[in-house]
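This is a predicted model, so every value here is computed, not measured. Naming convention: chains lettered A, B, ... in sequence-line order (proteins, then strands); numbering from 1 in each chain.
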Protein chains: 2
Amino acid sequence: MNISDVAKRTGLPAKTIRYYEEINLIRPARDTNGYRVFKDTDVHKLAFLGRARALGFAIEDCRTLLALYEDETRASADVKRVAQDHLTQIEDKLAQLESMRDTLTHLVQECAGDARPDCPILKDLAKD
Amino acid sequence: MNISDVAKRTGLPAKTIRYYEEINLIRPARDTNGYRVFKDTDVHKLAFLGRARALGFAIEDCRTLLALYEDETRASADVKRVAQDHLTQIEDKLAQLESMRDTLTHLVQECAGDARPDCPILKDLAKD
DNA sequence: GATAAGGGTTCCAGTCACGGGAAGGTCAAG
DNA sequence: CTTGACCTTCCCGTGACTGGAACCCTTATC
C-alpha cells in the first residue's frame, strides 16, 4: 500500500505519516523505486497513533503507549499512569482556560461595543 | 530603570521583555553603555501586555489591543470584536479538551492499573 | 591595580508537531 | 511521447518564548 492510501484509511496527512517515520514511530518497508510500502501492521499502528494524538497525548507519550501496546507482558498500571498524568495535565489546562473564559466573558459583556472609545476591556488590561 | 527591575515589577522574565522589544511591541531607550532604559510608560505597556497574555491573547492580538489602547479615538466595538473572537476560540478549545477529558476519565476508570497486561485504554486505542 | 560578582548585551539553537512548497524521480493511460 | 498524478527528499516557517554561550560594564574588595 502506498502512502496516499494509508492517508485515506487512517485520516492522517501523508506529511504526518512521513514525519512519524522520521522520528521512528513506524518503519515502513521500501519498494525498489524508493516508495514506502505499508503493511497492515503499519496502518494499524498509524491508526493507533492517530487516536492517541486525538486524545491529546504528546508524541513521546504515543511512543510509550505504542511500546506498551506491543509488549504483551506490560502491566496495565504502566498504561494507566501515562493516561492519568495526561488527564491531570488536561484538567490543569481546562481550569486555566475556564478562568480565562470567565474573565473574558465578563469583560465582553461589560463592553458596549459601539463607536465610543470608552472600553472596560482596555481599562482592565491597563489597571495599575 | 534597568531590565531586571522591570522584570520584577511586571513579573515578566527579562528574556520575554527583550523579545517584546525585538518584535517591536515596546521601544525602550538606550543608555550610552548600551543598556536598555525603561520609562514608566514602557513598564505600563509591559504590564498591559502581561495581562493580555495571561488572558490568552496571541501576540498579534496584544499588538492590536495596545494600539487600540493608545488610540484615544478608538471605537470600543473594535476592542470587543478582538476579545469576542478570542473568547470564541477559547470556548472551542474548551469543548475539545472537555471531550478528551471525558473519554480519558472513562478509560482511566475502567483500567485496573495492576500488574496484569489486560488494559481497556490500549484496547480503545487499538480498536478497528 | 587585579579580580570577582553581578549586572547587562547579542546571537544561536531548541522547543512541538507538523505544514508549505520547491525540485525532481516514477508510473499508468491515451 | 506526453500528460498528470503519484512519489521522494530537503529546507523553511510556525508561536512565544527558553537556555546557553560569549562577551561587555560597574562596583566592591583585596
- Task: Return the nearest nucleotide to the side chain of B:Ile59; candidates are D:dT18, D:dC17, D:dC7.
- Result: D:dC17

- Sugar-phosphate only, base, or nothing, as touched by A:Ala58 at under 4.0 Å among non-hydrogen atoms: sugar-phosphate

- Message: I want to check something: taking the side chain as every heavy atom from C-beta on, are B:Arg36 and B:Met1 in contact at a cut-off of under 4.5 Å?
- Response: no

- Task: Would you mind classifying the nucleic acid contact of A:Arg36 as base, sugar-phosphate or nothing, using non-hydrogen atoms under 4.0 angstrom?
- Result: sugar-phosphate

- Taking only residues two or more places apart in sequence or in another chain, which ones pass side-chain hydrogen bond (donor to acceptor under 3.5 Å, both in side chains) with A:Lys123? A:Asp118

- Message: In this structure, how many angstroms lie between the P atom of D:dA16 and the CD atom of B:Glu60, rounded?
- Response: 8 Å

- Roughly, in whole Å, what's the span from NZ in A:Lys15 to C1' in D:dG13? 12 Å

- Task: Could you tell me whether B:Tyr20 contacts a base, only the sugar-phosphate backbone, or nothing, with contacts defined as non-hydrogen atoms closer than 4.0 Å?
- Result: sugar-phosphate

- Message: For B:Asp71 and B:Thr73, which I'm curious about, is there any donor-acceptor pair between the side chains at under 3.5 Å?
- Response: yes

- Can you tell me the distance, in whole Å, between the OH atom of B:Tyr19 and the P atom of D:dT18? 11 Å

- Taking atom P of D:dG15 as reference, at what distance in whole Å does atom CG of B:Leu25 sit? 13 Å

- Query: How many angstroms lie between atom CD1 of B:Ile26 and atom CG of B:Leu66, to the nearest 0.5 angstrom?
  - Reply: 10.0 Å

- Message: Considering every strand and a 4.0 Å limit on heavy-atom distances, what is the contact class for A:Ile23: base, sugar-phosphate, or nothing?
- Response: nothing

- Got a sec, which pairs hit side chain to side chain donor-acceptor pair (under 3.5 Å) with one end in residues 49-61 of chain B, sequence neighbours left out? B:Glu60-B:Arg63

- Kindly say if B:Thr16 contacts the phosphate of D:dA16, meaning a side-chain N or O under 4.0 Å from OP1 or OP2. no

- Message: When you measure from the side chain of B:Arg74 to the backbone of B:Tyr69, do you find a donor-acceptor pair of N or O atoms at a distance under 3.5 Å?
- Response: yes

- Task: Give the rounded distance in Å between these two atoms: CG of B:Leu49 and P of D:dA16.
- Result: 12 Å

- Note on the structure: Span of DNA chain C engaged by chain B, first through last nucleotide within the 4.0 Å heavy-atom cut-off, is C:dG7 to C:dC11

- Item | Spacing of CD belonging to B:Glu91 relative to CD belonging to B:Gln89, to within rounding of 0.5 Å | 11.0 Å

- Please figure out whether B:Arg53 or A:Asn2 has its closest DNA chain D nucleotide nearer the 5' end. A:Asn2

- Item | Integer-rounded Å distance: D:dT8 P and A:Asn33 CG | 8 Å

- Task: Could you tell me whether B:Arg18 contacts a base, only the sugar-phosphate backbone, or nothing, with contacts defined as non-hydrogen atoms closer than 4.0 Å?
- Result: base

- Query: Taking CG from B:Asp31 and C1' from D:dC24, how many angstroms apart are they, rounded to a whole number?
  - Reply: 14 Å

- Task: Starting from C1' on D:dC7, measure out to CE on A:Met1 and report it in whole angstrom.
- Result: 16 Å

